[in-house]
Amino acid sequence: MGVKYRKSYKFAAKSAAVISLFAMLLLVMLQYFYFNINVLFTAIFVLVFFCFSFFVLQYRVERFIYRRIQKIYKEVSILDESVLRNQPITTDMQTLMYEVNKFASEKKIEIELLKVQEEYRREFIGNVAHELKTPLFTVQGYISTLLEGGVKDKTIRKKYLDRADKGIDRLIDIVNDLDMITKLETNELKLNVQVFDIVALFQSVFDLLEMKADKKDITLMFDKDHYRSIYVKGDREKINQVILNLIDNSIKYGKENGTTEVSIKNLTDKKLLIRITDNGFGIEKKHINRLFERFYRTDSSRSRDIGGSGLGLSIVKHIIEAHNEHIYVESNLGVGSEFSFTIEKADKK
Ligand code: ADP
(Lines give C-alpha, C1' and ligand atoms only; values in the text may rest on other atoms or scores of the structure.)
Protein backbone atom coordinates (compact mmCIF):
# COMPACT_ATOMS: atom_id res chain seq x y z
CA MET A 1 0.00 0.00 0.00
CA GLY A 2 1.64 3.22 -1.07
CA VAL A 3 -0.22 5.40 1.40
CA LYS A 4 1.59 7.13 4.25
CA TYR A 5 -0.57 7.26 7.35
CA ARG A 6 -0.30 10.20 9.71
CA LYS A 7 0.45 9.26 13.29
CA SER A 8 -1.37 11.77 15.48
CA TYR A 9 -0.11 12.82 18.92
CA LYS A 10 -2.54 15.67 19.26
CA PHE A 11 -5.03 13.88 21.45
CA ALA A 12 -2.46 12.60 23.97
CA ALA A 13 -0.53 15.91 23.96
CA LYS A 14 -3.61 18.03 24.63
CA SER A 15 -4.95 15.68 27.31
CA ALA A 16 -1.53 15.46 28.99
CA ALA A 17 -1.30 19.27 28.90
CA VAL A 18 -4.70 19.67 30.59
CA ILE A 19 -3.86 17.07 33.29
CA SER A 20 -0.43 18.61 33.84
CA LEU A 21 -1.95 22.08 34.15
CA PHE A 22 -4.39 20.77 36.74
CA ALA A 23 -1.56 18.98 38.62
CA MET A 24 0.54 22.16 38.51
CA LEU A 25 -2.29 24.26 39.96
CA LEU A 26 -2.80 21.66 42.68
CA LEU A 27 0.94 21.59 43.47
CA VAL A 28 1.20 25.39 43.52
CA MET A 29 -1.81 25.59 45.88
CA LEU A 30 -0.33 22.93 48.20
CA GLN A 31 3.02 24.70 48.25
CA TYR A 32 1.33 28.06 48.84
CA PHE A 33 -0.59 26.83 51.87
CA TYR A 34 1.93 24.45 53.44
CA PHE A 35 5.42 25.24 52.07
CA ASN A 36 7.23 27.93 50.09
CA ILE A 37 6.70 27.76 46.37
CA ASN A 38 9.69 26.13 44.69
CA VAL A 39 9.61 27.12 41.01
CA LEU A 40 12.31 24.69 39.83
CA PHE A 41 10.71 21.76 41.64
CA THR A 42 7.28 22.70 40.20
CA ALA A 43 8.65 22.99 36.67
CA ILE A 44 10.43 19.61 36.83
CA PHE A 45 7.39 17.99 38.42
CA VAL A 46 5.06 19.37 35.72
CA LEU A 47 7.45 18.32 32.95
CA VAL A 48 7.79 14.76 34.30
CA PHE A 49 4.05 14.62 34.90
CA PHE A 50 3.35 15.83 31.36
CA CYS A 51 5.74 13.29 29.81
CA PHE A 52 4.36 10.44 31.87
CA SER A 53 0.72 11.20 31.12
CA PHE A 54 1.49 11.87 27.47
CA PHE A 55 3.11 8.44 27.00
CA VAL A 56 0.48 6.60 29.03
CA LEU A 57 -2.33 8.28 27.09
CA GLN A 58 -0.70 7.84 23.73
CA TYR A 59 -0.02 4.15 24.34
CA ARG A 60 -3.44 3.42 25.88
CA VAL A 61 -5.38 5.21 23.17
CA GLU A 62 -3.37 3.54 20.42
CA ARG A 63 -3.99 0.11 21.94
CA PHE A 64 -7.65 0.91 22.49
CA ILE A 65 -8.26 2.07 18.92
CA TYR A 66 -6.08 -0.65 17.45
CA ARG A 67 -8.12 -3.39 19.17
CA ARG A 68 -11.36 -1.94 17.96
CA ILE A 69 -10.15 -1.45 14.41
CA GLN A 70 -8.80 -5.00 14.43
CA LYS A 71 -12.20 -6.23 15.56
CA ILE A 72 -13.86 -4.37 12.69
CA TYR A 73 -11.36 -5.89 10.27
CA LYS A 74 -12.06 -9.36 11.67
CA GLU A 75 -15.80 -8.93 11.53
CA VAL A 76 -15.75 -7.45 8.05
CA SER A 77 -13.53 -10.31 6.98
CA ILE A 78 -13.10 -8.98 3.45
CA LEU A 79 -10.86 -6.19 4.72
CA ASP A 80 -7.27 -7.30 4.82
CA GLU A 81 -6.19 -7.50 8.45
CA SER A 82 -2.55 -7.88 7.53
CA VAL A 83 -2.64 -4.37 6.09
CA LEU A 84 -3.33 -3.13 9.58
CA ARG A 85 -0.58 -5.19 11.14
CA ASN A 86 2.00 -3.65 8.80
CA GLN A 87 0.96 -0.09 9.57
CA PRO A 88 2.03 2.03 12.51
CA ILE A 89 -0.91 2.24 14.85
CA THR A 90 -2.62 5.55 14.46
CA THR A 91 -5.05 7.44 16.54
CA ASP A 92 -6.64 9.32 13.66
CA MET A 93 -8.52 6.39 12.04
CA GLN A 94 -7.14 7.22 8.62
CA THR A 95 -6.15 3.63 7.89
CA LEU A 96 -9.59 2.35 8.64
CA MET A 97 -11.33 5.11 6.74
CA TYR A 98 -9.12 4.53 3.72
CA GLU A 99 -9.62 0.77 3.76
CA VAL A 100 -13.38 0.97 4.30
CA ASN A 101 -13.77 3.54 1.52
CA LYS A 102 -11.63 1.50 -0.82
CA PHE A 103 -13.57 -1.64 0.02
CA ALA A 104 -16.89 0.13 -0.50
CA SER A 105 -15.98 1.60 -3.87
CA GLU A 106 -14.51 -1.72 -5.08
CA LYS A 107 -17.69 -3.52 -4.05
CA LYS A 108 -19.84 -0.89 -5.73
CA ILE A 109 -17.98 -1.30 -9.02
CA GLU A 110 -18.18 -5.10 -8.69
CA ILE A 111 -21.92 -5.00 -8.06
CA GLU A 112 -22.52 -2.63 -10.98
CA LEU A 113 -20.49 -4.91 -13.25
CA LEU A 114 -22.41 -7.99 -12.12
CA LYS A 115 -25.70 -6.19 -12.73
CA VAL A 116 -24.64 -5.21 -16.25
CA GLN A 117 -23.44 -8.76 -16.98
CA GLU A 118 -26.63 -10.25 -15.63
CA GLU A 119 -28.73 -7.89 -17.75
CA TYR A 120 -26.56 -8.62 -20.78
CA ARG A 121 -26.87 -12.38 -20.24
CA ARG A 122 -30.64 -12.21 -19.77
CA GLU A 123 -31.05 -10.06 -22.87
CA PHE A 124 -28.78 -12.32 -24.90
CA ILE A 125 -30.63 -15.52 -23.96
CA GLY A 126 -33.95 -13.80 -24.65
CA ASN A 127 -32.76 -12.64 -28.06
CA VAL A 128 -31.36 -16.04 -29.02
CA ALA A 129 -34.60 -17.78 -28.01
CA HIS A 130 -36.61 -15.20 -29.92
CA GLU A 131 -34.52 -15.54 -33.07
CA LEU A 132 -34.67 -19.34 -33.06
CA LYS A 133 -38.37 -19.52 -32.30
CA THR A 134 -39.65 -18.08 -35.58
CA PRO A 135 -37.90 -20.44 -38.03
CA LEU A 136 -38.36 -23.37 -35.65
CA PHE A 137 -42.13 -22.89 -35.46
CA THR A 138 -42.27 -22.38 -39.23
CA VAL A 139 -40.49 -25.68 -39.86
CA GLN A 140 -42.67 -27.41 -37.25
CA GLY A 141 -45.82 -25.98 -38.91
CA TYR A 142 -44.92 -27.32 -42.36
CA ILE A 143 -43.88 -30.73 -41.06
CA SER A 144 -47.05 -31.06 -38.95
CA THR A 145 -49.20 -30.21 -41.98
CA LEU A 146 -47.37 -32.82 -44.02
CA LEU A 147 -47.79 -35.42 -41.27
CA GLU A 148 -51.47 -34.63 -40.96
CA GLY A 149 -52.03 -35.76 -44.55
CA GLY A 150 -50.46 -33.06 -46.70
CA VAL A 151 -47.75 -35.53 -47.63
CA LYS A 152 -50.19 -37.33 -49.93
CA ASP A 153 -50.64 -34.22 -52.10
CA LYS A 154 -47.63 -34.07 -54.40
CA THR A 155 -47.61 -30.27 -54.93
CA ILE A 156 -48.09 -29.44 -51.25
CA ARG A 157 -45.41 -31.99 -50.32
CA LYS A 158 -42.78 -30.36 -52.54
CA LYS A 159 -43.78 -26.80 -51.56
CA TYR A 160 -43.82 -27.47 -47.83
CA LEU A 161 -40.62 -29.47 -47.83
CA ASP A 162 -38.91 -26.60 -49.68
CA ARG A 163 -40.18 -24.13 -47.10
CA ALA A 164 -39.13 -26.35 -44.20
CA ASP A 165 -35.72 -26.62 -45.82
CA LYS A 166 -35.47 -22.81 -46.04
CA GLY A 167 -36.44 -22.58 -42.36
CA ILE A 168 -33.66 -25.00 -41.47
CA ASP A 169 -31.19 -22.98 -43.57
CA ARG A 170 -32.19 -19.94 -41.59
CA LEU A 171 -31.69 -21.80 -38.30
CA ILE A 172 -28.24 -22.87 -39.46
CA ASP A 173 -27.41 -19.26 -40.44
CA ILE A 174 -28.41 -17.99 -37.01
CA VAL A 175 -26.45 -20.71 -35.20
CA ASN A 176 -23.40 -20.02 -37.40
CA ASP A 177 -23.66 -16.29 -36.70
CA LEU A 178 -23.95 -16.99 -32.97
CA ASP A 179 -20.98 -19.31 -33.11
CA MET A 180 -18.94 -16.72 -34.98
CA ILE A 181 -19.85 -13.91 -32.61
CA THR A 182 -19.06 -16.01 -29.53
CA LYS A 183 -15.68 -16.88 -30.97
CA LEU A 184 -15.00 -13.25 -31.86
CA GLU A 185 -16.02 -12.06 -28.40
CA THR A 186 -13.92 -14.63 -26.58
CA ASN A 187 -10.97 -13.96 -28.87
CA GLU A 188 -10.96 -17.60 -29.85
CA LEU A 189 -10.92 -16.72 -33.49
CA LYS A 190 -7.36 -16.07 -34.54
CA LEU A 191 -6.70 -13.92 -37.57
CA ASN A 192 -4.87 -15.49 -40.44
CA VAL A 193 -3.28 -12.35 -41.85
CA GLN A 194 -2.18 -12.46 -45.45
CA VAL A 195 -1.84 -10.22 -48.49
CA PHE A 196 -4.73 -10.38 -50.96
CA ASP A 197 -6.41 -8.46 -53.74
CA ILE A 198 -9.44 -6.61 -52.32
CA VAL A 199 -10.84 -5.81 -55.79
CA ALA A 200 -10.94 -9.51 -56.66
CA LEU A 201 -12.61 -10.24 -53.32
CA PHE A 202 -15.33 -7.66 -54.03
CA GLN A 203 -15.78 -9.11 -57.49
CA SER A 204 -16.30 -12.60 -56.06
CA VAL A 205 -18.90 -11.25 -53.60
CA PHE A 206 -20.63 -9.41 -56.46
CA ASP A 207 -20.77 -12.69 -58.39
CA LEU A 208 -22.14 -14.57 -55.38
CA LEU A 209 -24.88 -12.02 -54.71
CA GLU A 210 -25.68 -11.21 -58.32
CA MET A 211 -28.84 -13.31 -58.41
CA LYS A 212 -30.13 -11.82 -55.18
CA ALA A 213 -29.44 -8.30 -56.49
CA ASP A 214 -31.07 -9.08 -59.83
CA LYS A 215 -34.32 -9.99 -58.08
CA LYS A 216 -34.57 -6.34 -56.99
CA ASP A 217 -32.87 -4.96 -60.08
CA ILE A 218 -30.05 -3.64 -57.96
CA THR A 219 -26.75 -2.99 -59.70
CA LEU A 220 -23.58 -3.92 -57.86
CA MET A 221 -20.68 -1.84 -59.11
CA PHE A 222 -17.36 -0.13 -58.44
CA ASP A 223 -17.31 3.68 -58.50
CA LYS A 224 -14.94 3.56 -61.47
CA ASP A 225 -14.38 1.10 -64.24
CA HIS A 226 -11.58 -1.44 -64.34
CA TYR A 227 -10.09 -1.19 -60.91
CA ARG A 228 -6.71 -2.79 -61.10
CA SER A 229 -5.71 -5.20 -58.36
CA ILE A 230 -5.35 -3.46 -55.01
CA TYR A 231 -3.49 -5.40 -52.37
CA VAL A 232 -4.30 -5.23 -48.68
CA LYS A 233 -3.20 -7.00 -45.52
CA GLY A 234 -5.77 -8.85 -43.42
CA ASP A 235 -7.60 -12.10 -42.86
CA ARG A 236 -9.06 -12.79 -46.31
CA GLU A 237 -11.84 -15.07 -45.04
CA LYS A 238 -12.98 -12.60 -42.39
CA ILE A 239 -12.80 -9.60 -44.67
CA ASN A 240 -14.82 -11.63 -47.15
CA GLN A 241 -17.45 -12.05 -44.42
CA VAL A 242 -17.42 -8.27 -43.79
CA ILE A 243 -17.88 -7.47 -47.46
CA LEU A 244 -20.53 -10.16 -47.87
CA ASN A 245 -22.54 -8.83 -44.90
CA LEU A 246 -22.30 -5.20 -46.04
CA ILE A 247 -23.19 -5.87 -49.67
CA ASP A 248 -25.93 -8.29 -48.62
CA ASN A 249 -27.42 -5.59 -46.35
CA SER A 250 -27.25 -3.04 -49.15
CA ILE A 251 -29.39 -5.40 -51.24
CA LYS A 252 -31.73 -6.42 -48.41
CA TYR A 253 -32.37 -2.82 -47.41
CA GLY A 254 -32.01 -1.43 -50.93
CA LYS A 255 -34.83 -0.16 -53.13
CA GLU A 256 -35.88 -1.72 -56.43
CA ASN A 257 -33.71 -0.47 -59.34
CA GLY A 258 -31.14 0.82 -56.89
CA THR A 259 -27.35 0.66 -56.89
CA THR A 260 -24.67 -0.47 -54.50
CA GLU A 261 -21.42 1.26 -55.22
CA VAL A 262 -18.00 0.32 -53.90
CA SER A 263 -15.16 2.80 -53.76
CA ILE A 264 -11.57 2.14 -52.66
CA LYS A 265 -9.52 5.23 -51.83
CA ASN A 266 -6.20 6.05 -50.17
CA LEU A 267 -6.76 7.37 -46.67
CA THR A 268 -3.12 7.66 -45.59
CA ASP A 269 0.20 6.24 -46.82
CA LYS A 270 -0.60 3.02 -45.07
CA LYS A 271 -4.38 2.78 -45.06
CA LEU A 272 -7.22 2.48 -47.53
CA LEU A 273 -10.79 3.58 -46.96
CA ILE A 274 -13.36 1.27 -48.47
CA ARG A 275 -16.89 2.59 -48.93
CA ILE A 276 -20.05 0.66 -49.70
CA THR A 277 -22.80 3.07 -50.62
CA ASP A 278 -26.42 2.27 -51.40
CA ASN A 279 -29.46 4.36 -52.26
CA GLY A 280 -31.83 2.19 -50.23
CA PHE A 281 -34.18 2.72 -47.28
CA GLY A 282 -31.58 4.52 -45.18
CA ILE A 283 -31.44 4.55 -41.39
CA GLU A 284 -32.89 7.05 -38.95
CA LYS A 285 -30.30 9.04 -36.95
CA LYS A 286 -31.56 7.68 -33.62
CA HIS A 287 -30.53 4.13 -34.58
CA ILE A 288 -27.02 4.89 -35.77
CA ASN A 289 -25.28 4.62 -32.37
CA ARG A 290 -26.75 1.21 -31.63
CA LEU A 291 -26.53 -0.27 -35.11
CA PHE A 292 -23.51 -2.46 -34.37
CA GLU A 293 -24.99 -4.01 -31.22
CA ARG A 294 -25.89 -7.63 -31.52
CA PHE A 295 -29.51 -8.32 -32.43
CA TYR A 296 -30.15 -4.62 -33.02
CA ARG A 297 -32.54 -3.87 -35.84
CA THR A 298 -33.81 -0.50 -36.92
CA ASP A 299 -37.26 -1.80 -37.68
CA SER A 300 -37.55 -5.29 -36.32
CA SER A 301 -40.68 -6.32 -38.14
CA ARG A 302 -39.40 -5.21 -41.53
CA SER A 303 -35.90 -6.57 -40.95
CA ARG A 304 -37.32 -9.89 -39.78
CA ASP A 305 -39.46 -10.11 -42.89
CA ILE A 306 -36.35 -9.51 -44.95
CA GLY A 307 -34.65 -12.25 -42.99
CA GLY A 308 -31.98 -10.61 -40.82
CA SER A 309 -31.00 -11.79 -37.35
CA GLY A 310 -29.48 -8.48 -36.35
CA LEU A 311 -26.07 -10.13 -35.89
CA GLY A 312 -24.48 -9.22 -39.23
CA LEU A 313 -23.20 -5.75 -38.36
CA SER A 314 -21.91 -6.75 -34.94
CA ILE A 315 -19.89 -9.52 -36.60
CA VAL A 316 -18.60 -6.95 -39.11
CA LYS A 317 -17.54 -4.59 -36.32
CA HIS A 318 -15.80 -7.36 -34.36
CA ILE A 319 -13.83 -8.44 -37.41
CA ILE A 320 -12.80 -4.90 -38.31
CA GLU A 321 -11.77 -4.16 -34.73
CA ALA A 322 -9.83 -7.43 -34.51
CA HIS A 323 -7.79 -5.98 -37.40
CA ASN A 324 -7.30 -2.78 -35.34
CA GLU A 325 -9.23 -0.89 -37.99
CA HIS A 326 -12.35 1.28 -37.88
CA ILE A 327 -15.82 1.11 -39.32
CA TYR A 328 -18.08 4.09 -39.94
CA VAL A 329 -21.65 4.57 -41.03
CA GLU A 330 -23.50 7.52 -42.51
CA SER A 331 -27.11 7.30 -43.48
CA ASN A 332 -30.18 9.34 -44.34
CA LEU A 333 -33.64 7.91 -44.09
CA GLY A 334 -35.13 7.44 -47.55
CA VAL A 335 -31.87 8.45 -49.25
CA GLY A 336 -29.41 5.65 -48.54
CA SER A 337 -26.53 4.46 -46.42
CA GLU A 338 -22.79 4.38 -46.58
CA PHE A 339 -20.73 1.90 -44.57
CA SER A 340 -16.97 2.41 -44.72
CA PHE A 341 -14.00 0.75 -43.13
CA THR A 342 -10.25 1.14 -43.10
CA ILE A 343 -7.75 -1.53 -44.03
CA GLU A 344 -3.97 -1.76 -44.25
CA LYS A 345 -2.39 -1.42 -47.67
CA ALA A 346 0.12 -4.00 -48.80
CA ASP A 347 2.70 -4.24 -51.53
CA LYS A 348 2.00 -6.65 -54.32
CA LYS A 349 2.54 -10.27 -53.24
P1 ADP B 1 -29.68 -8.04 -40.07
O2 ADP B 1 -29.25 -9.45 -39.97
O3 ADP B 1 -31.02 -7.74 -39.44
O4 ADP B 1 -29.54 -7.47 -41.43
P5 ADP B 1 -27.47 -6.41 -39.31
O6 ADP B 1 -26.70 -6.44 -38.05
O7 ADP B 1 -26.74 -6.75 -40.56
O8 ADP B 1 -28.70 -7.34 -39.07
O9 ADP B 1 -28.12 -4.99 -39.46
C10 ADP B 1 -28.77 -4.40 -38.38
C11 ADP B 1 -29.88 -3.49 -38.85
O12 ADP B 1 -29.31 -2.35 -39.48
C13 ADP B 1 -30.78 -4.13 -39.88
O14 ADP B 1 -31.81 -4.82 -39.27
C15 ADP B 1 -31.25 -2.95 -40.68
O16 ADP B 1 -32.41 -2.42 -40.07
C17 ADP B 1 -30.14 -1.92 -40.55
N18 ADP B 1 -29.28 -1.87 -41.76
C19 ADP B 1 -28.11 -2.52 -41.97
N20 ADP B 1 -27.58 -2.22 -43.16
C21 ADP B 1 -28.44 -1.36 -43.75
C22 ADP B 1 -28.47 -0.67 -45.00
N23 ADP B 1 -27.48 -0.81 -45.92
N24 ADP B 1 -29.51 0.15 -45.25
C25 ADP B 1 -30.50 0.32 -44.33
N26 ADP B 1 -30.54 -0.31 -43.14
C27 ADP B 1 -29.53 -1.12 -42.83
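Computed from a predicted structure; not experimentally measured. Worth knowing before you read on, the calculation uses all heavy atoms, side chains too, and leaves out hydrogens, waters and symmetry mates. Whatever order the structure lists them in is the order used to number ligands and atoms, beginning at 1.
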Original post:
Is there a donor in the side chain of Asn332 and an acceptor in the side chain of Lys285, or the other way round, less than 3.5 Å apart?
Top reply: yes
Original post:
Are any of the N or O atoms of Gly310 closer than 3.5 Å to those of ligand 1?
Top reply: yes
**OP:** Check each atom of ligand 1 against the heavy atoms of Ser337 and keep those under 4.0 Å away; list them by number with element.
**Re:** 22 (C), 24 (N), 25 (C)
Original post:
Can you list the atoms of ligand 1 that are under 4.0 Å from a heavy atom of Tyr253?
Top reply: 1 (P), 3 (O), 4 (O), 13 (C), 14 (O), 15 (C), 18 (N), 19 (C), 20 (N), 21 (C), 22 (C), 24 (N), 25 (C), 26 (N), 27 (C)
Original post:
Would you say the side chains of Gln58 and Glu62 form a donor-acceptor pair under 3.5 Å?
Top reply: yes
Original post:
N/O to N/O below 3.5 Å, does that happen between Tyr296 and ligand 1?
Top reply: no
Original post:
Is the closest basic N to carboxylate O distance between Lys115 and Glu118 below 4.0 Å?
Top reply: no
**OP:** Say whether Asn257 and Lys216, considering side chains only, have a donor N or O and an acceptor N or O under 3.5 Å apart.
**Re:** no
Original post:
With only distance considered, is Asn249 within less than 3.5 Å of ligand 1 through an N or O on each side?
Top reply: yes
**OP:** Report yes if Phe281 has an N/O atom closer than 3.5 Å to an N/O atom of ligand 1; otherwise report no.
**Re:** no
Subject >> Arg275/Asp223 ion pair, N-O < 4.0 Å >> reply: no
Subject >> ligand 1 contact by Asp278, heavy-atom criterion under 4.0 angstrom >> reply: yes
Original post:
Should Phe292 be listed as contacting ligand 1, given a heavy-atom distance under 4.0 Å as the test?
Top reply: no
Subject >> Part of His287 with heavy atoms under 4.0 Å of ligand 1, whether side chain, backbone, both or neither >> reply: neither
Original post:
Does the pair Lys317/Glu185 count as a salt bridge with the N-to-O cut at 4.0 Å?
Top reply: no
Original post:
Under 4.0 Å from any heavy atom of Lys252, which atoms of ligand 1 are there?
Top reply: 1 (P), 2 (O), 4 (O)
**OP:** Have a look at ligand 1 and work out which part of Thr298, if any, has a heavy atom under 4.0 Å from it: side chain, backbone, both or neither.
**Re:** both
**OP:** Could you list which atoms of ligand 1 come closer than 4.0 Å to a heavy atom of Ile283?
**Re:** 25 (C), 26 (N), 27 (C)
Subject >> Side-chain donor-acceptor contact under 3.5 Å, Ser250 with Asp278 >> reply: no
**OP:** State, with a plain yes or no, whether a side-chain heavy atom of Lys183 is found less than 4.5 Å away from one of His318.
**Re:** no
